[in-house]
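Each chain gets a letter, A, B and so on, in the order its sequence line appears, and its residues count up from 1.
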Amino acid sequence: MTTYRTRHGGTLRADDVGAEVQLAGWVARRRDHGGVAFIDLRDASGIVQIVVNPDEAPASSEVLRSLRTEFCISVTGRVRARPEGTKNPEMVTGEIEVAVAILDVLSAADVLPFQLDDRFDADEVRRLKYRYLDLRRDRMAANLRARSAVIRAMRHVMEERGFLEVETPTLVVSTPEGARDMLVPSRLRPGQFYALPQSPQLFKQLLMVAGVERYYQIARCYRDEDFRSDRQVEFTQLDLEGSFWDQEGVLDTLEAIAAGVVREVRGVDIPRPIPRMTYNEAMTRYGTDKPDVRFGMEIQNLDELFADSEFRVFADNMASGGTVRGLNVGNQGLSRTGFDKLVDQAKDLGAKGLFWMVVEQNGSVRSPVAKFLRSEELTGLVSAMEAQPGDALLVVADDFHTAVGVLGQLRLDLGQPARHDDLEFLFIVDFPVFEHAADGGLAPAHHPFTAPVDVEEMRTSPDTAISKSYDMVLNGAELGSGSVRIHDPEVQAQVFEILGISQEQAQARFGWFMEALRYGTPPHAGFAIGVDRLVAILQNEPNIREVMPFPKTQTGADPLTGAPGRVDEGQLEELGIEVRADVKAEWSASQTDAVPSESS
RNA sequence: GGGGGCGUGGUGAAGUCUGGAGUUCACGCCGGCCUGUCAAGCCGGAGGUCGCGGGUUCAAAUCCCGUCGCUCCCGCCA
């Protein structure tokens with residue numbers, strides 16, 4: 001057996017002075033003074049300074065001249081205290097150094113395609129193409145460790161609470177509802193396809209029927225939709241479900257998970273209990289179902305103030321059932337042009353218009369619409385918005401969802417969290433069964449297995465019916481959602497019907513599942529937490545790619561491996577699949593697409 | 001499907017608005033000097049088809065059109 005090392009360099013301290021050690025790692029930096037030379041040796045534990053002195057180790061000194069950045073090396077030497085005046089208080093290993101006796105090159109390295117230096121943020125495609133080098137950087141290595149710590153903390157809470165880890169299939173049947181499925185063709189059944197799971201939803205419910213009672217899984221999930229900074233086609237969730245459980249049980253467990261994770265990664269305790277807010281309250285105060293409550297700037301209801309306004313826009317809006325909402329965005333130092341841009345932005349977001357006012361030093365209000373408003377309306381506005389001189393007030397008159405939606409978006413654009421490392425967890429509860437779709441109609445807000453508070457209410461008052469579902473929000477990001485599930489097959493059938501899924505459709509797609517519900521299904525509830533988003537926020541990263549070891553680009557490509565790639569005709573033949581001629585024509589037109597290699 | 005931004009030696013940027021010699025800065029690389037540095041220092045050097053294609057012009061990194069790649073956002077994500 002070859003011994004590569006007896007210690008990890010980053011763990012050496014003053015206590016180790018005098019010890020003979022063998023270390024192995026990478027050359028993070030080399031400082032060659034012609035005679036004595038220094039190497040910053042990096043391994044998974046950190047960095048320690050290696051000293052090579054030609055008087056003490058002439059052969060090693062020769063080897064050192066050949067070293068370049070990121071060579072993989074092994075050194076044997078003695079730990080010693082650094083001479084007075086040369087200690088480095090910036091490094092945890094800064095009091096000591098290792099005097100080299102033997103220096104071996106385990107593996108040479110080519111000149112790097114980019115510098116592993118946090119001073120430079122190299123082009124991301126290049127970083128992804130050489131991800132194995134990118135991951136050597138401190139920031140990336142720290143993100144990998146944080147991700148591991150998050151999952152470790154999650155497992156700890158789940159195991160402590162008696163949850164059973166169960167793996168569910170990743171080759172499942174496709175259901176056309178919801179997001180697009182990632183499809184996998186079947187060779188044994190040509191022309192048929194598996195889908196990669198969007199979530200283990202139905203399998204975990206089957207586990208409840210199976211009597212598992214407490215289930216969890218660190219589950220890879222797939223949704224074939226367009227990418228965002230917080231969305232990749234494959235992502236990881238902590239998926240959990242429990243029987244004889246209700247919303248309170250789930251939220252209590254989620255709180256323990258959040259607390260455990262933050263303690264593990266940040267070393268601090270979050271305030272408990274995690275605050276709760278109803279969906280309606282969140283929409284009214286923040287214009288979104290995932291409010292960032294790290295800063296105030298809440299939306300104000302101005303209906304009473306402008307109830308009998310003579311300003312045509314307000315009066316007409318009121319008459320048509322609309323509402324007037326305002327937002328005090330503080331002193332933004334906006335110019336006329338700046339306000340004009342906000343007005344354009346509001347219109348892009350769907351508002352009919354946006355009115356702005358600035359409170360002058362003497363308390364008067366400057367605004368293009370000031371002349372249409374009575375003086376008591378203006379003073380009432382200033383007091384309702386708790387406006388100080390210099391503050392800018394934005395007002396939208398529209399239907400409720402447009403008004404709060406537009407102001408909620410402007411709030412996010414103009415507001416600033418007080419401290420960037422704050423963590424504000426929040427539960428949003430009492431979601432509606434249906435939400436307002438872009439076309440003005442109603443669309444199901446959740447998957448069809450979510451229990452309504454009252455089925456009849458769902459049928460008779462779809463616009464106000466509430467479901468037993470809940471979200472967890474952190475710093476304005478949706479971390480996950482869950483619900484109490486339907487465990488009664490009769491209720492499930494009715495819900496399908498109300499959602500517009502015909503009995504035939506329901507039977508064809510979910511018959512196997514509905515049948516399972518008929519064998520003594522316990523009441524159950526569950527949740528899924530997005531691991532990537534959680535880690536990204538904890539690490540102050542702007543997107544989830546930074547906390548995924550091998551993520552894909554926005555167009556779903558992996559610059560390192562070349563995935564997705566074409567496959568040869570023989571493979572397609574076996575699958576009973578043919579690529580359409582017009583698609584092949586586009587292949588030859590574009591030369592940047594990956595082509596399968598001749599070998600293999 | 002739509003809107004915005006970016007693409008300049010190996011890396012990161014400035015230059016582009018207002019066309020005038022591939023100009024500049026930092027890092028890296030190569031060579032030399034240097035025995036206490038720690039983002040070592042000093043001296044010297046090499047290295048670019050300004051993403052790609054077309055157009056305008058006496059002249060294009062710069063203006064126009066197209067295209068490719070990346071990215072942010074909207075749609076989408078039950």
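Checking B:G36, B:G75, B:U71 against the side-chain heavy atoms of A:Arg545 singles out B:U71 as nearest. Across B:A40, B:A78, B:U71, the shortest atom-to-atom separation from the side chain of A:Phe449 is found for B:A78. Among the nucleotides B:U11, B:A78, B:C73, the one closest to the side chain of A:Pro444 is B:A78.
A 3.5 Å limit on both hydrogen-bonding distances identifies B:G66 as the Watson-Crick or G-U partner of B:C52. With a cut-off of 3.5 Å on both pairing distances, B:U37 has no Watson-Crick or G-U wobble partner at all. The base-pairing partner of B:C76, taking Watson-Crick or G-U wobble contacts with both distances under 3.5 Å, does not exist among the strands shown. Pairing for B:G44 is with B:C30, a Watson-Crick or G-U wobble pair whose two hydrogen-bonding atom distances lie under 3.5 Å. As the counterpart of B:C17, no nucleotide is assigned, since no Watson-Crick or G-U wobble pattern has both distances under 3.5 Å.
Taken residue by residue, residues 71-96 of chain A places heavy atoms nearer than 4.0 Å to RNA chain B at A:Arg80, A:Arg82, A:Pro83, A:Thr86, A:Lys87, A:Asn88, A:Met91. For RNA chain B, the neighbouring residues in residues 55-62 of chain A, judged by any heavy atom under 4.0 Å, are A:Asp55.
A:Gln217 and A:Thr168 form a side-chain donor-acceptor contact under 3.5 Å, judged by distance and modelled atom types alone. Side-chain N/O atoms of A:Glu546 and A:Asn143 include no donor and acceptor closer than 3.5 Å. A side-chain donor from one of A:Gln345 and A:Asp413 sits under 3.5 Å from a side-chain acceptor of the other. A donor-acceptor pair shorter than 3.5 Å can be found between the side chains of A:Arg31 and A:Gln49. Side-chain atoms of A:Ser483 and A:Arg485 form a donor-acceptor pair, as typed in the model, at a separation below 3.5 Å.
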- List the steps and the verdict of side-chain contact (heavy atoms from CB on, under 4.5 Å) for A:Ile96 and A:Arg80. CA-CA 6 Å; A:Ile96 54 95; A:Arg80 70 185 181 200; over 6 Å; no
- Message: Pair A:Asp532, A:Gln232 - check side chain to side chain donor-acceptor pair (under 3.5 Å), show working.
- Response: CA-CA 9 Å; A:Asp532 313 282; A:Gln232 286 261 319; over 6 Å; no
- Message: Run the side-chain contact (heavy atoms from CB on, under 4.5 Å) test on A:Leu196 and A:Val172 for me, step by step, so that the C-alpha distance in whole Å, both residues' side-chain angles and the decisive distance to 0.1 Å come before the verdict.
- Response: CA-CA 6 Å; A:Leu196 301 178; A:Val172 303; over 6 Å; no
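Within the nucleic acid shown, A:Arg30 has no heavy atom closer than 4.0 Å to any nucleic acid atom. Within 4.0 Å of A:Thr450, counting heavy atoms only, lies no atom of the nucleic acid at all. Residue A:Gln201 is classed as having no contact, given no heavy-atom separation below 4.0 Å to the nucleic acid. Using a 4.0 Å heavy-atom distance criterion, A:Ala445 is classed as a sugar-phosphate-only contact. In this structure, A:Arg228 reaches the bases: a heavy-atom distance under 4.0 Å links it to at least one base atom across the strands shown.
Put simply, CZ on A:Arg126 is 13 Å from C1' on B:G69, counting in whole angstrom units. In this structure, CD of A:Gln554 is placed 13 Å from C1' of B:G75, rounded to the nearest angstrom. The separation between A:Asn53 atom CG and B:C34 atom P is 15 Å, rounded to whole Å. The nearest whole Å value for the distance from the CG atom in A:Leu349 to the P atom in B:G75 is 9 Å. Between the CG atom of A:Asp344 and the P atom of B:G3 there is a distance of 17 Å, rounded to whole Å. For A:Arg127 and B:G69, the CZ to C1' distance is 17 Å, given to the nearest whole Å. Put simply, CG on A:Asp226 is 17 Å from P on B:G4, counting in whole angstrom units. We find that NZ of A:Lys129 is positioned 13 Å from C1' of B:G69, with the value rounded to whole Å.
Atom CG of A:Asp463 has more than 12 neighbouring heavy atoms from other residues, nucleotides or ligands inside a 6.0 Å radius.
The base of B:G36 sits with one of its N or O atoms less than 3.5 Å from a complementary donor or acceptor on the side chain of A:Glu97.
Salt bridge A:Asp16/A:Arg7: present, at least one basic N to carboxylate O contact under 4.0 Å. Under 4.0 Å is where a charged nitrogen must lie from a carboxylate oxygen, and between A:Arg294 and A:Asp292 at least one such pair does. With salt bridges taken as basic N to acidic carboxylate O contacts below 4.0 Å, one links A:Asp32 and A:Arg65. A:Arg231 has no carboxylate O lying under 4.0 Å from a charged side-chain N of A:Glu225, or vice versa, which leaves the two without a salt bridge. Taking a cutoff of 4.0 Å between a charged side-chain nitrogen and a carboxylate oxygen, A:Asp558 and A:Lys552 do not qualify as a salt bridge. A:Arg220 has a carboxylate O that lies under 4.0 Å from a charged side-chain N of A:Glu234, or vice versa, which qualifies the two as a salt bridge.
Using atom P as the reference point in both B:C68 and B:U16, the two lie 28 Å apart (nearest Å). Comparing the P positions of B:C50 and B:G36 gives a spacing of 46 Å, expressed to the nearest Å. The gap from the P atom of B:A40 to that of B:G4 amounts to 44 Å, rounded to the nearest Å. Here the separation of B:A46 from B:U62, taken at their P atoms, is 27 Å to the nearest Å. Separation of the C1' atoms belonging to B:A21 and B:G3 is 39 Å when rounded to the nearest angstrom. A distance of about 15 Å separates the P atoms of B:U24 and B:G9, rounded to the whole Å. Rounded to the nearest Å, the gap between the P atom of B:C42 and that of B:U37 is 14 Å. For the P atom pair drawn from B:G7 and B:C52, the interatomic distance equals 13 Å after rounding to whole Å.
Here A:Thr553 does not reach the OP1 or OP2 of B:G69: none of its side-chain N or O atoms lies under 4.0 Å away. Residue A:Arg180 places no side-chain N or O under 4.0 Å from the OP1 or OP2 atom of B:C77. In terms of phosphate contacts, A:Arg65 brings no side-chain nitrogen or oxygen within less than 4.0 Å of OP1 or OP2 of B:C34. Put simply, A:Gln198 has no side-chain N or O that comes within less than 4.0 Å of OP1 or OP2 on B:C77. The phosphate of B:C34 (OP1 or OP2) has no side-chain N or O of A:Arg31 nearer than 4.0 angstrom.
Between A:His33 and B:A40, a base-stacking contact is recorded: ring centres under 5.5 Å apart, planes less than 30° from parallel. Residue A:Phe38 and nucleotide B:U37 are classified as a stacked aromatic pair, their ring centres being separated by less than 5.5 Å at an interplanar angle below 30°.
With rounding to the nearest 0.5 angstrom, the OG atom of A:Ser229 is 9.0 Å from the CZ atom of A:Arg533.
In terms of position along RNA chain B, the nucleotide closest to A:Lys552 lies nearer the 5' end than the nucleotide closest to the other residue of the pair A:Ser199 and A:Lys552. Comparing A:Pro448 and A:Ala557, the nucleotide of RNA chain B nearest to each residue sits closer to the 5' end for A:Ala557.
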Check: protein-nucleotides 25-33 of chain B nitrogen or oxygen pairs below 3.5 Å:
residue: B:C27; atom: O2'; partner: A:Gln115; partner atom: NE2; Å: 2.2
residue: B:C27; atom: O2; partner: A:Gln115; partner atom: OE1; Å: 2.8
residue: B:C30; atom: OP1; partner: A:Arg68; partner atom: NH1; Å: 3.2

